[in-house]
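Each ligand, and each atom within it, is numbered from 1 in the order the structure gives. Index from 1, following the sequence.
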Amino acid sequence: MSHRGGGPLRKRPAPQGPSLVRLVRVAVLTALLAVTCAVALRPHPVHPLKVTYEVDLAGAARGELVITMVCDGELPGVLNLALPPGEFGDARSGVHARDPQAHALGADGRQLRPLKVRETVNGWQLRAGGNPHTGIVYTLDLRAMPGSEQDVRRHISTPVAGGVRAAGFEIFLEPLGVPVEDLTVVLRNPNDMPVLVPWPAVVRNGLHLARDDAHDGDAPRVGDASLGYGQGFQPSARAITPAELGRSAAAAPVPANLFYHPRDMADLNNALLVCGDIRTHASQAGDCVIQLATDRDWLFTDDEALDLVRRIARTEMGFFGSAPTDQITVLLSANAITGKDRFDVYGVHTGSSVLVMLDPDTTWGTVEDQAASVIAHEMFHGWLGEAVRQTDPTMLWFTEGATTWYAARMLTAAGVWLPGHARGVLGARLDRDYVNNALRGRMSVAEAAAEVAAPAEQVRFGYAGGVTACMALDEMLADKGGHARPLDGILRRLYAEDRGQPLTRERLQSAVLQSTGVDCGPWLDAHVYGKTALPPIKSML
Ligand SMILES: [Zn+2]
């Protein structure tokens, strides 16, 4: 049992076949666990610590990261540090932390004296009393993930060509029971390795201008990094030009040192760091950079993939009126999962960036047919799930249901899917997982969707029920108000007005009321939070 909440993960029954709902579930689980952990770790407001994590990429090509965690602020006599992989609390993850060393540091950062570190159930314990500055160094080995492990969350942190891909929630040691108010992540990149940090900050282009340049007003902002809302980012002091890189324009940027400031522990955990042989291709849409990154060659071209990503991103941005962040990155990587229960495509989102894992022999047809819906779904979460924050499990029916439904509509609007194909895919899924599910009428949709580690049948019911509920809510509101697709305006209103806020039932009902004049509370009570079956859907698309 980890400190990050959630019980031990049960082995779920084998799936009946690739289902988008199931693919999508892994992404939700990841996001949800990150959120759960943020809530669990919310500090009580006494003497907050400033914590800096220095990630040394010198050994990344060998699948190794060395992290120095520097705590500024008085520590308790005994400090408990939760060890990655805190997310799962067991040793089956591919990430293994070892060789902890701790020192009391002087004001100038010099090591004054060693501190005792001992192993505990969750990680390490430090005798730290009274030090104003403390440094803890540890090594992470990412090489140990067997491909037979079916849980995609255990495959996020892994070696990739020439480097590693690492999830924040698996690499950053966390102080327990001590409030942290100021977080900084520093990447040390002595070998000038291409680096992407899609979330919360991404580095793009080759030019990194010191923040000091900001005082001379016309310093170009080329190469500045993405900022999530309220997040700081300080580019490297060392400017590197594409010519210096000696790489093609498609090579990923090479910051010598990069640092960024996660807003909170949730942001820290949400970071996805990738370094190695990465190619990137970018396209601008308004103020947003749409970026494709990959670490391998495929049976299709990078241009084809970028074009698909751009069409989806532009359609979703057009729907909401703006992008949730100033960059959207889709990272295509190989699916390393083996075994008969694996899927062809896995998708995970971190912020508005999307990691898609595909079989190396995936054809372009399969990308358009299957990967596109994963990309559209995960990207849509940049608006609904991240900008409008998904934190309350009893709202998962809406966050996931609406995202799945709108992903199909976005693909149709973008011309990636024909309407008949989208109707066929959605209709078959809803019939199988909701209409003909034995749980229909016996369990509420909200309850089924809220329990992320439930048996597969319940998860399918909750998700397909969520899609059906969103469609039925839309039709109910259309009947009362006389306007088609009222849910479109409700989603835009949530994004415009509740951005950065956790989505709650109250906020949804309020957005519905303001947008349509309808109090949907009783309807939700019956059909979503109650067991009354949803009415048949008249028009899916
Ligand atoms: Zn989802």
Side-chain angles (χ1 to χ4, degrees), residues 6 12 15 18-36 151-153 156 167 169 198-199 266 270 272 312-313 315-316 319-320 324-325 328-331 343 345-357 370-411 422 425-426 429-430 433-434 445-446 448-454 456 458-471 487 491 494-495 502-503 508 528:
R12 289 180 296 275
S19 130
L20 177 60
V21 169
R22 193 176 149 85
L23 294 178
V24 149
R25 180 154 53 96
V26 298
V28 176
L29 282 166
T30 309
L32 191 73
L33 287 168
V35 166
T36 311
D151 189 333
V152 68
R153 288 166 297 170
I156 299 171
F169 65 82
W199 179 264
N270 228 352
L272 185 69
I312 295 170
T315 305
E316 296 190 355
F319 175 80
F320 281 104
T325 53
I328 293 172
T329 299
V330 173
L331 175 64
F343 298 107
V345 184
Y346 289 90
V348 174
H349 75 273
T350 60
S352 62
S353 293
V354 178
L355 167 64
V356 181
M357 289 182 264
Q370 291 186 23
S373 68
V374 173
I375 294 169
H377 180 106
E378 299 302 337
M379 200 184 285
F380 203 86
H381 276 314
W383 287 270
L384 183 61
E386 296 286 347
V388 179
R389 297 180 91 166
Q390 165 59 47
T391 58
D392 176 359
T394 68
M395 290 307 292
L396 275 170
W397 70 271
F398 184 78
T399 307
E400 288 309 320
T403 298
T404 299
W405 182 27
Y406 278 82
R409 290 180 48 196
M410 296 294 117
L411 287 175
V425 170
L426 263 186
R429 188 171 307 138
L430 300 187
D433 295 340
Y434 178 71
V445 166
E451 201 188 334
V452 289
Q458 179 185 325
V459 174
R460 284 202 207 98
F461 173 71
Y463 281 51
V467 177
T468 310
C470 289
M471 292 173 173
L487 200 59
L491 285 177
L494 285 170
Y495 172 62
L503 181 62
L508 175 61
V528 176

Point to revise | Candidate list W397, Y463, F461, test ring-ring contact (aromatic ring centres under 6.0 Å, His included), partner Y434, passing option | key: F461
Check your understanding: Is the distance between the Zn ion (ligand 1) and the nearest N/O/S atom of H377 smaller than 2.8 Å?
Key -> yes
Practice item. Please name the atom of H381, restricted to N, O or S, that is closest to the Zn ion (ligand 1). Key: NE2
Point to revise | Close side-chain approach of Y346 and I156, heavy atoms under 4.5 Å | key: no
Review point. Can an N, O or S atom be found in E378 less than 2.8 Å away from the Zn ion (ligand 1)?
Key: no
**Study point:** Close side-chain approach of L384 and F398, heavy atoms under 4.5 Å
**Key:** yes
Point to revise | V354 and H377, any side-chain heavy atoms less than 4.5 Å apart | key: no
Practice item. Please find the N/O/S atom of E400 nearest to the Zn ion (ligand 1) and write down its name. Key: OE1
